Amino acid sequence: MSDILSGLNEIQKKAVSQIDGPVMVIAGPGSGKTRVLTFRIAYMIQQGISPHNILALTFTNKAAREMKDRIEKVLQGNVAGLWSGTFHSLFARILRIEAEHIGYPTSFTIYDTDDSKSLLRTIVKELNLKKDDYPANQLLSRISSLKSNLITPRTYEQDEKLMNSDKIANRRAFHKIYSRYVARCKQAGAMDFDDLLYRLYELFQKKPDILTKYRERFKYILVDEFQDTNFLQYAIIRKLSKYPGSPKNICIVGDDAQSIYAFRGATIDNILDFEKDFKSAQVFKLEQNYRSTPHIVAAANEVIAKNRRQIEKKIWTSQGEGEKIRILKTVSDNEEGKRIADQIMEYKNRYHVPNQEIAILYRTNAQSRVFEDYLRRYNIPYRIYGGLSFYQRKEIKDLLAYLRLLINPSDEEAFKRVVNYPKRGIGNTTMDKVMEHRTREGTDLYTAAQTAPLSPRARTQLNKFLKVIRAGINKNETAGAYEAAEYVANASGIIKTFKDENTTESLNRLENIEALLNGIKDFMDEDEVSELGIEVEERTLAAYIQHIALLTDQDNDSEAEEKITLMSIHGAKGLEFDAIFVVGLEENLFPSFMSMENEKDIDEERRLFYVAITRARKYLTLSFSNSRYRYGKVVYNRPSRFLEEINAENYDNPNTVFGKTSFAGGGAETTTPSARTRFKPIKKKKTIVAPADFTPASSDEIKEGMEVIHQKFGKGKVLKIDGRNDSRVATIYFNEIDTPQRRIMLKFAKLQIV
DNA sequence: CGCAGGCACCACGTG
DNA sequence: GGTGCCTGCG
């Protein structure tokens, strides 16, 4: 530990030891980025810099935790006082401390996307607008991007261009919705995700002395995954580090080639601007890849070379020969699931790759299902990341809504969510009255609920609800968070409802409620670090709620060991595995149909593909399917253009990609790559029949020796039919597909006779 | 006011 | 294939 620098390569050493002044580290995949970051902080502390003066911003809580653990190990001591975490969680921490300066209560709550959308829907309704003209999703993403670009409702109004574009686009009311949304969030004492950034910026802008306080504290700032920061995040970083007399000790680490969050406002302009903003910045490029074998590295370089506009670099490896990239071509998404499960078995048996070193990566979470099915069938343990997490379950969100009310009764979304849950006879009519009263009085919903004139019956019921909340608030203050939560879970009737229902479903929900209560207990009892390892300053219900709101997908992986990983490519950023399967490589899926319009979006998809393949250490498999289910319908897609962007010599079975496969002779894929075949675009449309002109024959018309067409498998010849009546099975040879011989249940088959 | 059943729309990715 | 919203009835 006396020499932290030993064991690093030359460039890494420089990136670690240059601690004064602005530094930009461009780090290719697998180039030891995390190592550099952790060693850099450890080195700083060893040089006598107080951890208290260091701010390290990462993308996930997990990354922050890992970093901290590793620093502690290197220094064999603690790093108390170091602030490391996500932008959102650290900024929320500052806002919690300074809330009163911007007119927020210390106990402000955080609206998640569902809350925001629900509020927007309410506002649209209040303004008597049609929800089809103002879909909540679009409104929210527009508002989010405005906030991220520091455009407030006021500056919006003064911007003729913006106002005009709304007129043209027939959404004149947008400005009204935006300002009302902002006002209502504030009135409810709530911040949405963007507010956690925007309000901090506002705080720094309005209160110079507070800004100074944090400037003096955070003398050294590090930002990980800088390519994924948006304009606002960078603006805050600049506020903290760029001012007259600033030491400008700022280090950003990133890789423009791995920028995959443009859709939420991230811009690689930030990387390009950094050098302009900090003219004296020293730039280090980490290009040696320690992770992957040569074919994978070569493929990555070939793919990313197709993008225009990027910082020049080329990753390289000194590793010897490794496996070539495999391709799987299948006829359906179902078969894709099966073939991949088969290959996983092969990896396990032949190469002894442990489960936790295997990952299946897809573009959209909806693709996970088939893989789940087959992994379960093969008894291979797996874990799915993303999709509905524990905290997104209905029963959990309901109880959390109650808890949110305990710390902030003004929280309008929480109030509406549970005022009539469990059912207590407070329906739309009553709530409309309360809402009207709220508008008339200009108060928050909670206050209005206490004074609104109502029918005696509604009043009694509403009072019962308010009483539970009041008692809960009281309990929280006197007895503590766990006791309050337990009280509310019972007094609200949630627990009773599930018990009474007494179905497997409801008992399962009850278990989840209990798990949540236990989670609160753990959180409160833990004295330093929560089970998730995220350092929190205080142990209160408010801190717990905030902590939950800011969890990231990668954070809940306590039992990841011994299991195969299934996740979206976005979720896989920063991770690595021995064996990677990138699935669903089809046009309209990956690249996504949303990106087909313009080159810029395709570039982002390509970077996503780049991220996907560079997760692999040794084995990489790419798969695509001719057809798959989407919205319950079969769709046919061509193979992804990205497949052709990898040079044939890096493929184990290149003919599968380059369209020359004859599929004759049993569809064997044993062809060796012929020299440096340059890729040809796949022009030939697949001979799969479109559903429109497809008229299946009835099953008893099918006879041996017939030529038939199958909706998915294409043309084939009936070799044999066995069984009788409903259990008749035809053995058919489909010469257009990979594994041509199939057995088809005639009862279900859709076959057209040629 | 509650509930059942029909429906539209959805879903690309996230703190 | 799922969810959340609307409608119409009891």
Side-chain angles (χ1 to χ4, degrees), chain A residues 57-64 85-92 110-118 121-122 124-125 131-132 135-138 140-141 144 147-148 191-198 225 228-230 232-233 259-266 333 361-370 385-389 391-392 394 420-433 455 457-458 461 546-555 567-573 584 588-596 601 604-605 607-609 611-612 628-633:
Chain A
L57 295 160
T58 60
F59 210 74
T60 62
N61 295 308
K62 189 186 174 204
T86 62
F87 280 88
H88 288 85
S89 66
L90 294 184
F91 290 179
I110 298 170
Y111 274 177
D112 67 15
T113 1
D114 288 343
D115 296 320
S116 299
K117 278 188 221 161
S118 150
R121 273 191 285 264
T122 311
V124 168
K125 214 187 269 171
K131 68 177 167 53
D132 294 349
N137 255 330
Q138 274 177 42
L140 184 61
S141 76
S144 168
K147 283 185 183 169
S148 304
M191 297 205 198
D192 68 14
F193 286 128
D194 299 300
D195 285 335
L196 294 176
L197 310 176
Y198 176 73
E225 311 280 12
D228 289 327
T229 54
N230 65 26
L232 176 52
Q233 286 166 321
S259 161
I260 54 175
Y261 284 102
F263 71 90
R264 64 171 199 222
D333 46 359
L361 307 181
Y362 31 77
R363 178 68 181 82
T364 68
N365 282 314
Q367 286 164 257
S368 69
R369 174 178 247 117
V370 271
Y385 295 78
L388 261 200
S389 81
Y391 297 103
Q392 287 169 320
K394 187 183 173 310
N420 196 31
Y421 178 82
K423 296 258 180 290
R424 48 174 74 87
I426 305 169
N428 292 335
T429 324
T430 308
M431 273 316 282
D432 283 351
K433 281 183 197 159
S455 69
R457 208 177 68 180
Q461 292 305 99
Q546 176 186 314
H547 161 85
I548 296 300
L550 298 175
L551 281 180
T552 61
D553 255 350
Q554 286 195 7
D555 296 330
M567 57 168 52
S568 73
I569 301 166
H570 283 89
K573 193 178 68 156
N588 294 319
L589 182 59
F590 194 14
S592 146
F593 69 99
M594 304 281 291
S595 69
M596 299 305 225
D601 291 341
E604 171 139 326
E605 296 284 311
R607 290 194 294 270
L608 194 55
F609 184 52
V611 168
R628 73 174 58 243
Y629 276 94
R630 217 168 182 187
Y631 309 114
K633 273 199 185 126

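Since we're looking at a predicted model, the values are computed, not measured. Here is how names work: the chains are called A, B, and so on, in the same order as the sequence lines, proteins then strands, and each is numbered from 1.
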Tell me what [X] touches on the nucleic acid: a base, only sugar-phosphate, or nothing, going by heavy atoms under 4.0 Å.
X: A:Asn137; answer: sugar-phosphate
X: A:Asp195; answer: nothing
X: A:Ser595; answer: nothing
X: A:Tyr261; answer: sugar-phosphate

Exercise. Side chains of A:Asn420 and A:Thr430: closer than 4.5 Å at any heavy-atom pair?
Worked result: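 Of all side-chain heavy-atom pairs linking A:Thr430 with A:Asn420, none is under 4.5 Å.
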Exercise. If we only count heavy atoms from C-beta on, is the A:Phe91 to A:Leu550 side-chain gap below 4.5 Å?
Worked result: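 They are not in contact (no side-chain heavy atoms under 4.5 Å apart), so the answer is no.
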Exercise. Is the closest side-chain donor-acceptor distance between A:Thr86 and A:Ser89 under 3.5 Å?
Worked result: yes
Problem set entry | Position toward the 5' end of DNA chain B (nearest nucleotide), A:Ile260 or A:Pro135 |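 Result: A:Pro135.
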Problem set entry | Of A:Asn420 and A:Ser144, the one whose closest DNA chain B nucleotide lies more 5' | A:Asn420
To the nearest Å, how far apart are [X] [atom1] and [N] [atom2]?
X: A:Asp112; N: B:dT14; atom1: CG; atom2: P; answer: 14 Å
X: A:Lys117; N: C:dC5; atom1: NZ; atom2: P; answer: 11 Å
X: A:Lys394; N: C:dG4; atom1: NZ; atom2: P; answer: 9 Å
X: A:Asp114; N: C:dT3; atom1: CG; atom2: P; answer: 12 Å
X: A:Leu57; N: B:dG15; atom1: CG; atom2: P; answer: 15 Å
X: A:Gln233; N: B:dT14; atom1: CD; atom2: C1'; answer: 11 Å
X: A:Leu140; N: B:dA11; atom1: CG; atom2: C1'; answer: 16 Å
X: A:Met431; N: B:dG2; atom1: CE; atom2: C1'; answer: 17 Å

Exercise. Do we get A:Lys573 above A:Tyr261's six-membered ring, with its NZ or CZ under 6.0 Å from the centre and within 45° of the axis?
Worked result: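 Ring-cation test returns no.
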Let's see if you can work this out: which of [options] has an atom nearest to the side-chain heavy atoms of [X]?
X: A:Arg121; options: B:dG15, B:dC12, C:dC5; result: C:dC5
X: A:Arg369; options: C:dG2, B:dG13, B:dC3; result: C:dG2
X: A:Leu550; options: B:dC3, B:dA11, B:dG15; result: B:dG15
X: A:His570; options: C:dC6, B:dG15, B:dG13; result: B:dG13
X: A:Asp194; options: B:dC3, B:dG15, B:dG13; result: B:dG15

Problem set entry | Heavy-atom closest contact (A:Phe590 atom, A:Leu608 atom, distance) |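 Between these two residues, the closest heavy atoms are CZ-C, 4.0 Å.
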Exercise. Can you name the one residue among A:Asp194, A:Asp192, A:Thr113 that meets side-chain hydrogen bond (donor to acceptor under 3.5 Å, both in side chains) with A:Ser144?
Worked result: A:Asp194
For this session: May I ask you to evaluate whether A:Arg363 reaches the phosphate of B:dA11, defined as a side-chain N or O under 4.0 Å from OP1 or OP2?
Result: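 No, no such contact exists.
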Exercise. Would you say A:Asn365 reaches B:dG13's phosphate, i.e. side-chain N/O to OP1/OP2 under 4.0 Å?
Worked result: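 Yes, such a contact exists.
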